[in-house]
Amino acid sequence: MSNKAWGGRFEAQPEEWVDEFNASIDFDQNLIDQDVQGSIAHATMLANQNIISQDEAHTIIEGLKAIQKDVHQNKIAFKASLEDIHLNIEHELIQRVGEAGGKLHTGRSRNDQVATDMHLYTKEEVNGIIELIKSLQQTILSIANQHVDTIMPGYTHLQRAQPISFAHHIMTYFWMLERDKSRFQDSMKRIDISPLGAAALSGTTHPIDRHETQKSLNFSAVYENSLDAVSDRDYIVETLHNISLTMVHLSRFSEEIIFWSTDEAKFITLSDAFSTGSSIMPQKKNPDMAELIRGKVGRTTGHLMSMLVTLKGLPLAYNKDMQEDKEGLFDAIHTIKGSLKIFEGMLDTMTVNTNRLNETVTKDFSNATELADYLVSKNVPFRTAHEIVGKIVLDCINKGVYLLDVPLEDYQSHHESIEADIYDFLKPENCLKRRKSYGSTGQDAVKHQLSVAQQLMNS
Ligand code: ARG
């Protein structure tokens, strides 16, 4: 007799190297807990529906629990010839408890079994990711609370544009993460569905109760269509997308951290505990954690692309191609969890160089828009004001000075309405103070933003 669960109709066995190509046990052993959980729910339901006896269900459940324990203690050697976690566990169960074990798979197929395991796994992991995002948001918010009055140059095109609050700048990432979190939360509607009982594709003739297993596995709903239940991998694509976009956000923030910690910027100093050195240049302290997070977007985006391409053109229902859904998802989840944790630690321990930041905006032209606005307040049309300030800036560049250094007579030679109050007007802190529009970088607006963010965190 064949050692395969499906060996009956086969006259020859695949060779070992063919088994190895076919197997997923190397990676789907990750699903051991979900697999046992799904099987316990299924066996309990089979007994409640009188499809197997209560005694048999009891034997199966105790056997599964013992196997699960042994797997965690590395006491079971999985076999590639048994393909995957589902068949390895079932084989072990039958070895241990005999006939009752052979009844577990009644009214079920590996197709709905693997889908159930993946739904359970994704649900649990996405909930974990949401918690890590919340924690990172809280860290950003705490840093922002300390830096409402810290001023830095805001950039467009990576050219200094206008002075902004450091709190305002980093809060942008709080809001990106807020959207990421809400995308993960929304996706739960499509993850939290039970495929169990769809069997191979068409349902089953056994009088099973899909709603019982749905409830005992804590799923919010069941798939309405058995074919859809075993063919749907949308929730995996969606999770990979949500992970990829969150990683893109972490990567953008990483890029800023890397720039801010250069000698050129010196806006922040990363803790030694989150930096590494060079094997040749003794003076180096490199922002490796931020660079790695930036780099890892390559793999998460790759997993998303690879899943989309795997699904393209797949006919209904299960096809072995679908076994390819696992490694990418497992790796993407591992990657984002690590990245979120590291990012939080890196932010938590970095020093914001407040003096350096405040001083930076006194040695640039980021207050040029303010000068134009000053002229507008003197009834000069904005376009004319823009032209005049452009000329003043050009004069300054030629002389190697900044707007606060220009003598009043020079200002007045450009426009007679400029008076001595211009010097106060152009100070970076006053530039911020005048920004009272909702959501702007003005100190009061930022304080309001922080209180809205804190309320969100508390809700
Ligand atoms: N290892 C398989 C997978 O991960 C389990 C489902 C196998 N089903 C089948 N009909 N061969 O997709």
Side-chain angles (χ1 to χ4, degrees), residues 2-10 13-14 16-39 41-42 64 67 71 76 78-94 104-125 191 193-204 213 217 223 226-237 239-240 303 306-334:
S2 159
N3 72 345
K4 306 280 191 203
W6 38 256
R9 61 97 64 220
F10 284 75
Q13 297 276 325
E16 205 180 314
W17 63 284
V18 179
D19 270 344
E20 264 160 25
F21 186 78
N22 188 44
S24 51
I25 186 63
D26 279 353
F27 45 89
D28 65 16
Q29 52 184 275
N30 213 11
L31 297 171
I32 170 70
D33 293 335
Q34 291 77 10
D35 202 64
V36 168
Q37 194 189 349
S39 290
H42 182 67
L64 286 170
I67 293 171
V71 169
I76 295 182
F78 292 125
K79 290 196 193 81
S81 59
L82 293 170
E83 274 185 60
D84 52 28
I85 188 66
H86 325 292
L87 292 181
N88 269 278
I89 300 293
E90 192 185 324
H91 179 83
E92 183 71 23
L93 182 71
I94 295 170
L104 170 62
H105 214 52
T106 315
R108 183 177 79 166
S109 151
R110 266 187 301 157
N111 299 348
D112 60 336
Q113 186 179 359
V114 72
T116 303
D117 292 6
M118 289 295 276
H119 275 274
L120 286 171
Y121 168 85
T122 310
K123 181 176 162 185
E124 190 179 321
E125 292 294 346
I191 298 171
I193 308 178
S194 176
L196 194 56
L201 73 162
S202 66
T204 174
T213 47
L217 292 171
Y223 277 91
S226 62
L227 247 79
D228 189 33
V230 289
S231 308
D232 176 25
R233 296 294 183 273
D234 295 358
Y235 65 100
I236 295 182
V237 172
T239 302
L240 287 169
H303 295 319
S306 138
M307 192 63 228
L308 282 168
V309 179
T310 299
L311 291 176
K312 180 196 167 292
L314 275 194
L316 299 179
Y318 180 83
N319 300 273
K320 188 79 169 196
D321 315 45
M322 288 171 163
Q323 182 164 289
E324 290 292 313
D325 64 0
K326 293 176 193 60
E327 284 160 290
L329 182 68
F330 295 166
D331 183 66
I333 285 172
H334 177 75

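Both counts, for ligands and for their atoms, begin at 1 and track the order of listing. This structure is a prediction, so every number in the text was calculated from the model and none was measured.
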task = If you have a sec, work out which protein heavy atom is nearest atom 10 (N) of ligand 1 and how many Å separate them, to one decimal?
result = N111 OD1, 3.0 Å
key: Nearest protein heavy atom with distance in Å, relative to atom 11 (N) of ligand 1   = R110 NH2, 3.5 Å
key: Ligand-side contact atoms (ligand 1) for residue partner S24, heavy atom cut-off under 4.0 Å   = 1 (N)
ask   = Which bit of K326 is near ligand 1, meaning a heavy atom under 4.0 Å away: side chain, backbone, both or neither?
value = side chain
inquiry  = Can a side-chain donor-acceptor contact be found between K320 and N22 if the only test is distance below 3.5 angstrom?
reply    = yes
ask   = Can you find an N/O atom of D84 closer than 3.5 Å to an N/O atom of ligand 1?
value = yes
request  = Would you please say whether a donor-acceptor pair under 3.5 Å links the side chains of Q323 and S24?
outcome  = yes
task = Check the pair Q34, M118 against side-chain contact (heavy atoms from CB on, under 4.5 Å), reporting the backbone distance first and the verdict last.
result = CA-CA 8 Å; Q34 291 77 10; M118 289 295 276; over 6 Å; no
query = What protein heavy atom sits nearest atom 12 (O) of ligand 1, and how far away is it?
reply = Y318 OH, 2.5 Å
key: Close N or O approach (H86, ligand 1; < 3.5 Å)   = no
query = Is the distance between the ring centroids of Y223 and H119 under 6.0 Å?
reply = yes
query = Between Q323 and ligand 1, is there a nitrogen or oxygen pair with a distance under 3.5 Å?
reply = yes
task = Go through the steps to decide whether T204 and R108 satisfy the test side-chain hydrogen bond (donor to acceptor under 3.5 Å, both in side chains), and finish with yes or no.
result = CA-CA 8 Å; T204 174; R108 183 177 79 166; over 6 Å; no
ask   = Between D325 and R233, does at least one N-O distance fall below 4.0 Å, as a salt bridge requires?
value = yes
